[in-house]
Amino acid sequence: MSLVYLELFITDVLPYIAGVIFIVGTLNRIINWAKAPVPLKIPTTCAQQKSLPFIRRTWEDRLDSPYTMWETIGRMILEVFLFRSLFRNMRYWLDKQKGVDTRWLWLFALMFHYSMLIILLRHLRFFTNPIPGFLGLINKLDGQVVFVPPLYITGILALVALFWLWARRILCSRERNISYPADHLILALLAGILITGNLMRYIFKVDLYAVKEVALGIVSFHPVGAAVVNQIGWIFFVHLSFVCVTIAYLPFSKIMHFAGVFFSPTRNMPNDNRAHVHVNPWNPPYHGITWQEYYEMYKDQLDEIAENGYKVKPEV
Amino acid sequence: MKLKNRKDKIATAWKEALLSGYAVKPMVEIEEYIESCTKRIMDYIDSFCKGENSNVDIVEAVDDLMRYLATDSKLGPGDSIRQILYLKNIALKVDPKMSIDEFVRFSNAVDEVACLAFNKYMEAKEHIYLLRVKEKEGLIDMLRKAMSYYEKYYGELPE
Amino acid sequence: MVELERDGEYLKIEQKFTSWKDLLKPVTEKDFKPGFYHYPILKKDAEYLGIPYRDWDPTEPDWHLPEGWKETFLNKFKELLEKNRQFKLFMDICVRCGACADKCHYYLGTGDPKNMPVARAELIRSIYRRYFTKVGKIFGKWAGARELTEDVIKDLYYYLYQCSLCRRCSAFCPYGIDTADIVWRGRELLQSIGTVQRFSYISIAACAKTGNHLGLLPGGIVESLQSAAEDIYDITGVEIEIPVNKKGADILFVTPSGDYFATPHWYTFMGYLMLFHELEERYGFSYTWSTYASEGGNFGTFASYELAQKLSHKIYDEAERLGVKWILGGECGHMWRDKHQFMATMNPVPKTKTLEEPVSPITGTYFENAAEAKIVHIAEFIADLIEHKKINLDKSRNDHWKVTFHDSCNPARGMGLYEEPRYVIKNVCNYFYEMPEHTIREKTYCCGSGGGLLADEVMELRMRGGMPRAMAVKHVHKRYGVNYLCTICAIDRAAFPHLLEFWKLPVEVGGMTELVGNALILSDEEQERELDLRGNPLHKGEE
């Protein structure tokens, strides 16, 4: 009997707590960042600046060293959707004159993030009624019909990528040195979500109609009762608790990079510093010597320059 | 074990030992530098053991290596020489069946290199101090010029 | 590294740094090695700049931190967080992916894991977590937070002054975290309690007083210009006239003060003078040097916002006083980070009638990218002259040089100046070779001595930090016989000769304008030139 209360807590209370923590926490973080002024325009220029007309600028130059707003937006899109900077990560040999690819981090990071995105989108079908058309398309593309039930590629890919990312934190000495317990914790939470999710789909199947009822209940603020909850297998509650804990933890974790990257001044500012001067809202007044003071200090020497007609000639 | 094979194995093991302070494999620049040093020194030691004349410029090779070790943030002079004496341990590890005769010869060669290395270590350190002095002298030169300009306008500097 | 085991029985190989706990463990004065720590600030500089001073020695256990240092430090920290979005952001969003770890040339050179950019930033982040986040307050060490103790200050002092603010890591960071900015703030924090290095503060104080880092008085600058003019006469037989502090000139020329004295800066300095003289003769180019704005560089950018502002103020001030139309800047690295990204923000451009949008008086080219800040880089200016064929060049005079180009960190990653200097160099020399691809352009390695690290007491660190670059030079030296390393940075020109000498590379170092000066045919030059600017004979007609 008491188990039902726990299950009801997980479906009817926990998501709201997590949701509130997430929204308040994230907004708090973002407002906190946005509140602080940007004193300087400090883009990292990774390619040729815009200068003279005969200095050629390719589209790569435009995107890595943007001059206009649209180029900057392009740079941000590349950064956010394709992880441009990680892609730069190559080693080269001196003598052999060839590049050695060390872009595994880029590949697996991209794999992980996109799989997670598609997984999230797939989950929308639980929260919407009727289901929008594009979700069906994603489902179709993602699901491999060879297997029954169709095997979702992203579910597997995300898990593979996650374990690769985790393995390098444990096995590579460099990453082990710089991995805090927090880094492992978030990976563990995500692994928990992915594993229970996959188990629920392929092994311990649950009643999807009941799950959908729960999900709709959550988003429409009409939490379901014990009757519905009783129809669902235990693994769903484990999955849901993992999700809720993770969501509640996000604002305090490094996962805030998803919002932070948009604020990063080395990426989101154009390299047009000399053409459009940035204004620092708290620029302090200047304290230091002025020309007048300088003149007083070195009067005789400066006067001598004036006597010579502001000219220097070689003694030959 | 074939001698040539052993030589290369020792050189590689030695290179790895020298670079083991790095938390992650260093960039190719550093690795190739160390590799060229260890290879040349092992070539020399190998010919020394065989009693042949080596065509390796051992002074150059040891100098290169000691320039690297002399600028290390963790090694003192003794530790730097230890990196070379450690070759004996590596040799035994690589080829435990080495005859005593062979080992003595190998050991003599290593000692020879170690003595040379100490000279080179000190020279590298001296070179660094020389560079520091050079920079200081540049500064003093500049101050002297500044002083002479000062004296030109404001008379003798007070004692 | 091979270490002796305690009992002395056998030798073993071990890796020192194995877990995140080591990351948080501060180094103390016992781990300070000569050649890797800086001398502390001098009393007179501290007093002049209003930095708290006390007598202390980095190698002693007690650093005599001023009373209430903890509060001062944390208050300053809070203030910086409130004032700087980028600082706050960079404290929060690092995921420690490790992409930057093997990008720092100090890490590559020294192998010290704390020199990885992420570890360097964690020095400050750990304090941030402890005092400014709830998670860090509650979980302490397990959340990567650490208490602010005297040892932590030592840790900061040791490692924040092992960074040359080159931003190579920033180019590889997926969130664009700028370690240079973090280090800059960190040094600002250290400055609030007076725990700063000696080298850059000597120059900052000198610059605040006299207008340039070397502390040259106006008379000194004039004599320096004069002796350069004499050197030019010796080589070309042309008597040139140099305008100084001239009111009503069109253009104010500003260059780092190293050019007035040091070698091999000197040859670049001569190059500037020859070029301007030629333009004056042929096109009536009107420009002036200034004794007040005699420093383009800005060591304040290694220290704090306020000091950076203090040092760059004089440029517009002087431009306004002299009534020039715009400003031309010489070859320098951090100067151009300052002039491109900081100066006009820190010291708003004066609204006078004389300052105009920069247009080249000779070619009529409008420098659109410098419209508001009104300061143009000499490479942009010369490239434009060459493109319009306004100067006569004899490339063969540089035939004794096989040139390679070192992208200085700041013009590269802080400005995007890649093609202009290459365009100029290719037009004044016949032999130009690029270094390996991963060591140039946005991936360029630092000389190892920038960011206030040009002090002689850290020579070992500089040699190791510059080692990746030296090896890249060695590569082109062996492959193509390169014997001239061209850079557009004054600190490079001061640091590279020693670096290359230590790594046994017979390669000369010089600036872009020196090559231009060599190749430039002066219209009033009567005899055939026999020497280059360094006094080397020109190998003409030699096969």
Side-chain angles (χ1 to χ4, degrees), chain A residues 33 36-42 44-46 48-52 54-55 65 83 85-86 88-89 92 94 105 174-175 177-183 252 254 256-257 260-261 263-267 271 273-278 280 282 286 288 291 294 298 301-302 305 310-314 316, chain C residues 17 20 83-86 88-89 92-93 95-96 98-99 101 113 118 135 142 144 170-176 178 208 217-219 222 225-226 229-230 233 239 241-246 292 310 313 321 340-341 344-345 369-373 380 384 387 413 416 418-419 436-438 442 475:
Chain A
W33 288 331
V38 183
L40 295 164
K41 205 194 278 190
I42 50 165
T44 312
T45 56
C46 295
Q48 175 59 36
Q49 63 164 347
K50 178 185 161 61
S51 68
L52 300 160
F54 58 90
I55 301 284
S65 177
F83 305 170
S85 297
L86 277 184
R88 231 186 279 285
N89 227 335
Y92 289 83
L94 287 173
L105 178 60
R174 161 177 75 185
E175 277 76 17
N177 292 339
I178 54 176
S179 297
Y180 287 132
D183 301 330
F252 309 101
K254 60 175 191 174
M256 284 311 291
H257 68 255
V261 65
F263 286 87
S264 183
T266 58
R267 295 288 184 272
N271 176 29
N273 295 60
R274 280 182 291 155
H276 301 285
V277 169
H278 182 76
N280 176 8
W282 52 265
Y286 167 71
W291 161 262
Y294 177 79
Y298 309 113
Q301 298 177 44
L302 291 165
I305 295 172
Y310 300 106
K311 267 178 204 153
V312 179
K313 279 184 201 158
V316 286
Chain C
F17 200 86
W20 57 276
K83 276 174 157 182
N84 295 284
R85 183 191 294 173
Q86 80 279 21
K88 203 187 260 184
L89 192 76
D92 281 331
I93 62 172
V95 300
R96 292 172 289 282
V118 49
V135 181
W142 292 90
S170 164
F172 294 91
C173 176
Y175 313 112
D178 182 358
L217 305 184
V222 166
L225 286 166
Q226 194 172 26
E230 281 156 18
Y233 177 78
E239 270 184 66
E241 215 178 72
I242 306 162
V244 182
N245 288 353
K246 191 172 111 185
Y292 176 46
K310 200 188 192 76
H313 178 80
R321 188 184 73 86
H340 184 68
Q341 297 198 331
T345 303
N369 59 332
E372 277 187 27
E380 295 168 340
D384 178 53
E387 171 70 13
R413 281 181 290 259
Y418 298 101
E419 287 303 331
E437 200 187 328
H438 68 291
E442 82 275 9
H475 175 70

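Remember, it's a predicted structure, so these values are computed and weren't measured experimentally. Chain naming here is simple, since letters A, B, ... match the order of the sequence lines and numbering starts at 1 in each.
Using a distance-only test at 3.5 Å, with no hydrogens or angles considered, a donor-acceptor pair links the side chain of Trp282(A) to the main chain of Lys83(C). The backbone N or O of Leu40(A) lies less than 3.5 Å from no partner atom in the side chain of Thr345(C), so there is not a single donor-acceptor pair. Judged by distance alone, the side chain of Arg96(C) and the main-chain N or O of Asp183(A) form no donor-acceptor pair under 3.5 Å.
Residues that satisfy the side-chain hydrogen bond (donor to acceptor under 3.5 Å, both in side chains) test with Gln48(A), not counting sequence neighbours, are Glu420(C). When the side-chain contact (heavy atoms from CB on, under 4.5 Å) test is applied to Lys88(C), the partners found at least two apart in sequence or on another chain are Asn32(A), Trp33(A), Ala36(A), Leu81(C).
Between chain A and the residues Gln86(C), Lys246(C), Glu241(C), His313(C), the largest count of heavy-atom pairs under 4.5 Å involves His313(C). Ranked by heavy-atom pairs under 4.5 Å with chain A, the list His340(C), Glu437(C), Arg413(C) is led by His340(C). Contact count against chain A (heavy-atom pairs under 4.5 Å) is highest for Pro218(C) among Ala229(C), Pro218(C), Ala373(C).
Heavy-atom distances place the backbone of Ala208(C), and not its side chain, under 4.5 Å from chain A. In this structure, chain C has a heavy atom under 4.5 Å from the side chain of Phe54(A), while its backbone stays farther away. Contact of Ile42(A) with chain C is made through backbone and side chain together, with heavy-atom distances under 4.5 Å. The parts of Val244(C) that come within reach of chain A are both its backbone and its side chain, each placing non-hydrogen atoms under 4.5 angstrom from that chain.
Thr266(A) and Ser170(C) are not linked by any side-chain donor-acceptor pair at a separation below 3.5 angstrom, with hydrogens and angles left out of the test.
Going from atom CG of Asn369(C) over to atom CG of Asn273(A) covers 10.5 Å, rounded to the nearest 0.5 Å. One finds the NE2 atom of His278(A) at 12.5 Å from the CD atom of Glu372(C) (value rounded to the nearest 0.5 Å).
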